[in-house]
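Nothing here was measured: the structure is a model prediction, and the numbers come from that model. We use all heavy atoms of the structure for the numbers below, so side chains are in, but hydrogens, waters and symmetry mates are not.
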Amino acid sequence: MFTCFVIAFPASWKSKLWFLPMGILAIHVLNMVRVILLILNFYFFNSSFDFNHKYTFNFVVYGFMLLVWLYWAKKQLPNAGQTA
């Protein structure tokens, strides 16, 4: 989904080619942290594991993807800081 957002955005390919690998790497690192936290959650607080697996961590990962993409997209717009 992240890759599709970046490719579909009207920005230069040079910008996309450095941002895609960095963003994907950041998402993978976040996912490894998510898995470690889910293992700890399962081990210490088993009753909340299902909720955290289905909702909490998905919200965090998708929220992170959205925020990183929005940050990059704003930097790509020529007049992003100006108001009408």
Side-chain angles (χ1 to χ4, degrees):
M1 187 167 23
F2 175 78
T3 303
C4 292
F5 286 157
V6 173
I7 290 174
F9 193 78
S12 71
W13 280 101
K14 181 181 177 184
S15 176
K16 291 177 185 183
L17 288 177
W18 75 264
F19 183 66
L20 274 173
M22 296 305 289
I24 291 170
L25 178 65
I27 292 167
H28 278 287
V29 169
L30 181 62
N31 195 43
M32 287 190 296
V33 171
R34 179 185 80 90
V35 169
I36 291 167
L37 290 175
L38 281 172
I39 290 168
L40 292 172
N41 181 212
F42 185 80
Y43 185 74
F44 292 108
F45 305 102
N46 195 347
S47 61
S48 66
F49 175 80
D50 286 332
F51 178 83
N52 285 326
H53 183 262
K54 290 180 184 176
Y55 302 109
T56 305
F57 289 110
N58 282 333
F59 178 75
V60 169
V61 171
Y62 287 125
F64 175 78
M65 282 190 339
L66 177 65
L67 290 175
V68 169
W69 179 78
L70 284 173
Y71 174 77
W72 174 79
K74 279 191 153 198
K75 287 189 157 286
Q76 302 308 309
L77 297 174
N79 298 322
Q82 299 176 358
T83 57

All N/O donor-acceptor pairs, side-chain side in residues 34-44, below 3.5 Å, sequence neighbours left out:
unit_1 : atom_1 : unit_2 : atom_2 : d
Arg34  : NE     : Asn31  : OD1    : 2.8
Arg34  : NH2    : Asn31  : OD1    : 3.3
Asn41  : OD1    : Asn52  : ND2    : 3.0
Asn41  : ND2    : Phe45  : O      : 3.2
Asn41  : ND2    : Ser48  : OG     : 3.0

Please list, one pair per line, the donor and acceptor atoms closer than 3.5 Å that link side chains of residues 61-72 to other protein atoms, with sequence neighbours excluded.
unit_1 : atom_1 : unit_2 : atom_2 : d
Trp69  : NE1    : Phe5   : O      : 3.4
Trp72  : NE1    : Ser15  : OG     : 3.0

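When hydrophobic residues (I, L, V, M, F, W, Y) are linked wherever their side-chain heavy atoms come within less than 4.5 Å, the members clustered with Tyr55 are Phe51.
Here the straight-line distance linking atom CG of Asn46 with atom CZ of Phe49 works out to 8.0 Å at 0.5 Å rounding. Rounded to the nearest 0.5 angstrom, Phe19 CZ and Gln76 CD are separated by 8.5 Å.
Residues Trp18 and Met22 come closest through the heavy atom pair O-CG, 3.1 Å.
Two residues are said to be in side-chain contact when any heavy atoms from C-beta on lie closer than 4.5 Å; Lys14 and Leu17 fail this criterion.
Met1 and Phe57 are assigned to two separate hydrophobic clusters, defined by single-linkage of ILVMFWY side chains at heavy-atom distances under 4.5 Å. Grouping the Ile, Leu, Val, Met, Phe, Trp and Tyr side chains by contacts below 4.5 angstrom, directly or via other members, places Leu25 apart from Leu30.
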